[in-house]
Every structure is written in C-alpha cells, then in structure tokens.
2 protein chains.
Amino acid sequence: MVPTHDPQLLKGVLSLLLLRLLAERESYGYEVVQRLRELGLSDIGEGSVYPALARLEREGRLQGRLVASRSGPARKYYRPTPAGSQALSEGTESWLSLAAVVHPVLVRRLPDPSTTTLPTATEDT
Amino acid sequence: MVPTHDPQLLKGVLSLLLLRLLAERESYGYEVVQRLRELGLSDIGEGSVYPALARLEREGRLQGRLVASRSGPARKYYRPTPAGSQALSEGTESWLSLAAVVHPVLVRRLPDPSTTTLPTATEDT
DNA sequence: TCGAGTACCTGGCATAGTCAAGTAGTAGGC
DNA sequence: GCCTACTACTTGACTATGCCAGGTACTCGA
C-alpha cells in the first residue's frame, strides 16, 4: 500500500498543484479531484479542493465561470488569472528550491552512529 | 533575489528535517538553526525550531539532555528515540512519494493554450 | 420513487510555522 | 560595577490551510 500521506506535507503544495492543473487545462472542482487522484493523490478529498479553489478565486488567482452540464448540476470551470500565473511560477520556484534543499538531506546516507563522539559537560566548540 | 519562501511549504517538512539532522548528529536548538541556515533555509527562525523540537520531544520522537556550556546557558541536546527513527523513515517515504507526484507535474511543459478548446454550455464528457 | 452518480458549499476542528517578547548565562570593554 | 553582544531557550498570540462531516441539488435509470 501507498504510505498514508501526512496532511501537513500538502500545505501550500495543493494550491500550487491546482494552479498548475488549471493552467494546463480549464477544469472544475469535481474533475480536479479526479485528476489529482489519477496523479496518485488517492486520498485527497473534496473538502480540501473546493475550499482551496474558492480561496484562490477570492484572492484573484483564479477566475471561474459556470457551465451547464447534461449529467448533473452546473460545473464551475476555473482558469488562472495573470496573477494566478505569476503565483504559479513563483510558487513553483519556491517549491523547487525547497525540494533542492530537502531532497539531498533526506537521501544521503546516515553516518554510522557508533563512530560519533557525544558532547559532554565541559567540552565546547 | 532568492524567492521569499512560502511558510506553508515548510509544514511537516521541518520536523522531518529536524529528525534527520539529529539522526546524523546530536545537536541543540541554537545549533540546529545554524545547520538549517547552512543548508540554505536562510530565513528560518528560532521561533519555528524551538517549538518544533519541544513538540517532537513531547510526542516521544526526540529525547533531550542538558549539557553545560562555557559560552552561555546550558544547551539542550536532542537525539531521535526509536519512535523518532521510525517517524523519520515513514516521513521520508511520505515526502519522497509526494515529491514524486508533485515534481513531474510542476516541471512538465505547459501545453500551448491557443490549441485547446474550451467547454461550452451543451458539451459534455 | 428511489438510489446512485455528479457537483458544489460550509462550519468547525487540528496542526504547525511565525512573530514578538522575555529570561538568562558568559565575556569583554570602559 | 555596568553595559553590550553573543549565546541559548521559552512562551503566547496569531495565522494559514488541509480535513471531516454534513448538507443541498441536479440527472438518469430501475
């Protein structure tokens, strides 16, 4: 099984993913959830996506429009505004630079603990 | 200019980094802040690190001990407990699998918007 | 009419990073 | 003795944001 994802790790990343997916293709909430799940975020919920979309629209990063559907209620299609596109590129840069710090640290080999010396009361750097 | 880091992106990642750095070498808060800054997290503050360390200790993932210093107040050295080591490996796995989803999406080329068709009122999937 | 699938929204909650301020110890200069 | 700077830790209030649970409502087929 896929390891249970830590909700905290998604913070900030979700809105980035939303901006990105909507920059690739205009889409509505319900579909975005499906697209996220297809990407591998299997346990993402509507309760995470809809509020995030609403917030991004409120902040002027997304612009939505209602389109009637023949298979259910009207869909609200979102696409990034210019401000949204800028937020996307800035956010992408932030994420990449953070990942560039985090990744190498997490994958480098742990030193053998038995060879390390421990600080004692009187030692000082 | 380095892009201002989004505080949200650090959520969850910070405790992972702390566990990792302390698994590599026992260390105290003030020093951990310096180690993080050397890694490139230049605008990390003490107010983020100390509470995180305290929380990890409270949760039984870190164990701390006081060591007197000749250059200031006593230092509180932390090292991971067995539970902390397990949290580290689980967290690392979570982070890697999330990054494996996020990274490709963020770096793939955006399709040319002019070639895409927009949904209209009567279309349906 | 009833259930299932589609589609959206909301309130309340928990988590965790940030800011600002405070407390103390050591050491050097005057 | 006093002041400043560096070291070192702590705390309270604030904020952002994902998650859960529940609700509304439309379409379609049995």
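Residue numbers start from 1 in every chain, and the chains themselves are labelled A, B, ... in the order their sequence lines are given, proteins ahead of strands.
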Just how far, in rounded Å, is [atom2] of [N] from [atom1] of [X]?
X       : N      : atom1 : atom2 : value
B/Arg37 : D/dT7  : CZ    : P     : 11 Å
A/Asp6  : C/dG17 : CG    : C1'   : 14 Å
A/Arg70 : D/dA25 : CZ    : C1'   : 20 Å
A/Leu53 : C/dA7  : CG    : C1'   : 12 Å
A/His5  : C/dT15 : NE2   : C1'   : 13 Å
B/Tyr30 : D/dA5  : OH    : C1'   : 10 Å
B/Arg58 : C/dA16 : CZ    : P     : 10 Å
B/Gln8  : D/dC14 : CD    : P     : 18 Å

Would you say A/Tyr50 reaches C/dC9's phosphate, i.e. side-chain N/O to OP1/OP2 under 4.0 Å?
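A/Tyr50 to C/dC9 OP1/OP2: no side-chain N or O under 4.0 Å.
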
Contact under 4.0 Å: A/Ser71 side-chain N or O vs C/dA7 OP1/OP2:
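Yes, because at least one side-chain N or O of A/Ser71 sits under 4.0 Å from OP1 or OP2 of C/dA7.
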
So with a 6.0 Å cut-off around CD of A/Gln86, is the heavy-atom count from everything else above 12?
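Result for CD/A/Gln86: open.
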
From C-beta outward on [X], which listed nucleotide comes closest to its side chain: [options]?
X       : options               : value
A/Lys76 : C/dC8, D/dT10, D/dG18 : C/dC8
A/Ile44 : C/dA7, D/dC19, C/dT15 : D/dC19
B/Leu10 : D/dG18, C/dG17, C/dA7 : C/dG17
A/Pro7  : C/dC8, D/dG18, D/dT10 : D/dG18
B/Tyr28 : C/dC9, C/dT10, D/dC9  : D/dC9
B/Pro73 : D/dT7, C/dC9, D/dT17  : D/dT7

Please figure out whether A/Leu14 or A/Ala74 has its closest DNA chain D nucleotide nearer the 5' end.
A/Leu14

Taking the nucleotide of DNA chain D with the nearest heavy atom to each, does B/Ala54 or A/Arg55 sit closer to the 5' end?
B/Ala54

Between A/Gly29 and A/Lys11, which has a closest nucleotide on DNA chain C that is more 5'?
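Result: A/Gly29.
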
Using heavy atoms to find the nearest nucleotide of DNA chain C for A/Glu46 and B/Val49 separately, return the residue whose nucleotide is more 5′.
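Final value for this comparison: A/Glu46.
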
What is the minimum heavy-atom distance between A/Gly64 and A/Glu57, and which atoms define it?
N-OE2, 3.5 Å

Close side-chain approach of A/Leu56 to A/Leu22, heavy-atom, < 4.5 Å
no

When you measure from the side chain of A/Thr92 to the backbone of B/Leu106, do you find a donor-acceptor pair of N or O atoms at a distance under 3.5 Å?
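The answer is no, because no donor-acceptor pair under 3.5 Å joins these two groups.
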
Determine whether B/Leu62 and B/Tyr30 fall in the same hydrophobic cluster, where Ile, Leu, Val, Met, Phe, Trp and Tyr are linked whenever their side-chain heavy atoms lie under 4.5 Å apart.
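No; B/Tyr30 is not reachable from B/Leu62 via cluster members.
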
